[in-house]
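Worth saying up front: this structure is predicted, and the values here are computed from it rather than measured. Per chain, numbering begins at 1; letters A, B, ... match sequence-line order.
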There are 2 protein chains.
Amino acid sequence: MNLKELATKLGLSPTTVSRALNGYPEVNEATRERVMAAAKRHNYRPNTRAIRLATGRALAVGHVIPLATRHEIVNPIFADFIAGAGETYSRNGYDMILSVVPDESEEQAYRDLKSRGSADGVILHAPRMNDSRIPLLHEIGIPFVVHGRATGTDLPYSWVDVNNRRAFQRATEFLLDLGHLRIGLVNGLEFMDFAIRRRTGYVDALAARGLSPDPALMASDEMTEISGYRAASAMLDLPAPPTAFLVASMISGMGVRRAIEERGLRMGRDISVIIHDDDLSYMKNGDDVPIFTATRSSVRDAGRIAADLLLGIIANPGHGPEHRLLEAELIIGQSTGPAPRPHAPEKA
Amino acid sequence: MNLKELATKLGLSPTTVSRALNGYPEVNEATRERVMAAAKRHNYRPNTRAIRLATGRALAVGHVIPLATRHEIVNPIFADFIAGAGETYSRNGYDMILSVVPDESEEQAYRDLKSRGSADGVILHAPRMNDSRIPLLHEIGIPFVVHGRATGTDLPYSWVDVNNRRAFQRATEFLLDLGHLRIGLVNGLEFMDFAIRRRTGYVDALAARGLSPDPALMASDEMTEISGYRAASAMLDLPAPPTAFLVASMISGMGVRRAIEERGLRMGRDISVIIHDDDLSYMKNGDDVPIFTATRSSVRDAGRIAADLLLGIIANPGHGPEHRLLEAELIIGQSTGPAPRPHAPEKA
DNA sequence: TGCATCATCCAAAGCGGTTTGAGTGTGATT
DNA sequence: AATCACACTCAAACCGCTTTGGATGATGCA
């Protein structure tokens, strides 16, 4: 059932039927209702392909996922972000198209999205420092929103980000207030923008108390269980081990916990741990009482917001870049406690 | 730059240019090369929207993701599956479109995909017993491939699945061979087809040794860290606790390990654990030596295969349903060992 | 030489919608 | 009664490509 058939059945022209269905004013209300009813009765759905061609809009948003040798993007955080963004898209009649491409053809993927007209805009994931994709998207001339920020770029762009610096600064202060002086940082890869900001927050908080960061207490790697385990193990085996850890994700946090418990120590009593919690749907940080003390910010919400921004920009290309800085909450769980009393040299 | 402009520039008709670019035989080789060169020079990309309308094909595959109150699908397994399928799609010039919809409009989402013509086929995720979506997709008349199977449906359909029964049967036998007699099953939700098959494998292996399953040693829940922890904790606190666990996923496995270590026991020595490992890119089960003994099957490969099957069916609608049953490998890690000797009653 | 064959190329008709530019009939205005 | 604005409706062009059904000239063969 297409428009023409429906029009014939109604004894109207396609023009009128199209206008009636799309809410244009120059159609008699009685006619409109008749058309609407017939459309529903015959279960008419306009063909998306035709609409796209006729209107010159793709009605779709692209997400490009490079498949690197190091699979950083296809990760749990990504899945939840997508879920959030997807909600917004389908509510607004947009499709979400995912392009999974080999690392080296990422640039071409963006160009194709534009020149072949299959997306009206894109979301840029996992920005790095001086990310070359931002100038690229500017050059291509396609609306985009960045999930995160890219230090080093002077071009304007829209973004949604968590205040990573502040979150890690607060977490560090919290640990310092508990008396912890040696705090291990188990960070993400530090060519990623968010990881740099987190480290900055950590370093700043230390500096504010007159402490200088110990390179031996700062690790940076992918956020996997294994790498969390390794980083924490190495630090715990130092002559002067940390009494607390600041960890970039829930998953690395599990590795850190394993390293702690493997040494017969107890998390929350002997060693404190704060993680960053993206509030993933299938990786809840406890139900009632959080297991980990955490800086929490829902990445799914970030997805929703990023999608909203992007659709806004697509509908209204004139608008200048927009930003949303989300604050993470610091939630207190069972993994933190006062620093253990230092072994005072026993005096006779 | 569109086809007409390019044709004008070449002094040819759009027909000929189109044919030259698409490799049709009725075009002079010299002309074809001239056209190809010009297309490259002017960086011409045919407009996808027009191709789709003209050919009546969507050149896209849909994945519908219901956003339930219980977010089962937006999970790490899904992300890796998508990555695998996405590779295949982009290699073949297809788009992947993700529809994230509220639980209750899942059916409508499939209908729309078909009637609005935005996908040539779909992949069905996370099938349950007697899954109603299979008859639905048959009725709609859209090609589809199921990731998994749906016990209880007598309609024919194409699928890709891991031999879950055999995998868990072998894992159980392996534990039995090590002398374990009480084996806890920490399963996924048992309205999911894969979970039922896994339990069957477990029960069958026990039965083959004349053992009958103890309901207190069988848990079924979402595959999260917490639920793994809870299930294992409960079982370990039984008067007759298990000496081994069979666990549905890496993530639940971490919870199980936590429960074990929290009780001062050591995984691999005091308690054996076998997990099912989907070989997720960011959740590696150890690099050199696997942490967990596991039944392993790459869900990313499954995604590739499912996509291949689907594109085949789309290109060749006549073909009957196709199946791929993947065998999981049993890999030996550090989490299993012989059952501890039972405390023999001490005789004087 | 005459005619069928073949290799090339093109005009035009779709695909299924949207949108422009007119054309009606009606009631109000003067 | 003539004029005009207004409310509706429609025919046709258009979006950018594919594909059908010729057309043209060169070639092959008798």
Phosphate OP1/OP2 of D:dC15 contacted by B:Asn47 side-chain N/O (<4.0 Å): no
Using atom CZ of B:Arg57 as one end and atom C1' of D:dT19 as the other, report the distance to the nearest whole Å. 14 Å
Whole angstrom is fine here: how far is it from CG in A:Leu3 over to C1' in D:dC15? 15 Å
It should be established whether A:Thr55 places a side-chain nitrogen or oxygen under 4.0 Å from OP1 or OP2 of nucleotide D:dC15. no
Could you state the CG-P distance from B:Leu12 to D:dA23, rounded to the nearest angstrom? 21 Å
Can you say whether the rings of A:Phe81 and A:His125 are parallel (under 30°), tilted (30 to 60°) or perpendicular (over 60°)? perpendicular
Flag the pair A:Lys9 and A:Glu5 as a salt bridge only when some basic side-chain nitrogen lies within less than 4.0 angstrom of an acidic carboxylate oxygen. no
State plainly whether the residues B:Arg149 and B:Asp193 are in salt-bridge range, i.e. N to O under 4.0 Å. no
Rounded to the nearest Å, what distance is computed from the CZ atom of residue B:Arg52 to the P atom of nucleotide D:dC17? 13 Å
Is there, by distance only and without an angle test, a donor paired with an acceptor across the side chain of B:Arg19 and the base of D:dT20 below 3.5 Å? yes
Only one of B:Ile123, B:Val61, B:Ile314, B:Ile305 forms a side chain to side chain contact (heavy atoms under 4.5 Å, CB included) with B:Val145, so which one is it? B:Ile123
Atom-to-atom span, CG of B:Asn22 to C1' of D:dG16 - whole angstrom: 13 Å
Among D:dT9, D:dG16, D:dT18, which nucleotide has an atom closest to any side-chain atom of B:Asn2? D:dG16
Indicate whether OP1 or OP2 belonging to C:dT19 is found under 4.0 Å from a side-chain N or O atom of A:Tyr24. yes
So what does B:Ile51 touch, heavy atoms closer than 4.0 Å: a base, only the sugar-phosphate, or nothing? sugar-phosphate
What is the distance from CG of A:Leu53 to P of C:dG14, rounded to the nearest Å? 17 Å
Less than 4.0 angstrom between a side-chain N/O of B:Asn28 and OP1 or OP2 of C:dA7, yes or no? no
Distance check needed: D:dT18 P versus B:Glu26 CD, whole Å only. 13 Å
5′-ward residue of the pair A:Thr16/B:Ala50 relative to DNA chain C: B:Ala50
Select base, sugar-phosphate, or nothing to describe what A:Thr15 touches, counting heavy atoms under 4.0 Å on all strands. base
On the side chain of A:Arg49, is there an atom forming a donor-acceptor pair with the base of C:dT18 - under 3.5 Å, no angle test? no
Which is more 5' along DNA chain C, the nucleotide nearest B:Ala54 or the one nearest B:Ser13? Just name the residue. B:Ser13
Cationic N near anionic O, under 4.0 Å, A:Glu139 to A:Lys114: no
Length of the CZ-P vector between A:Arg34 and D:dC8, whole Å: 14 Å
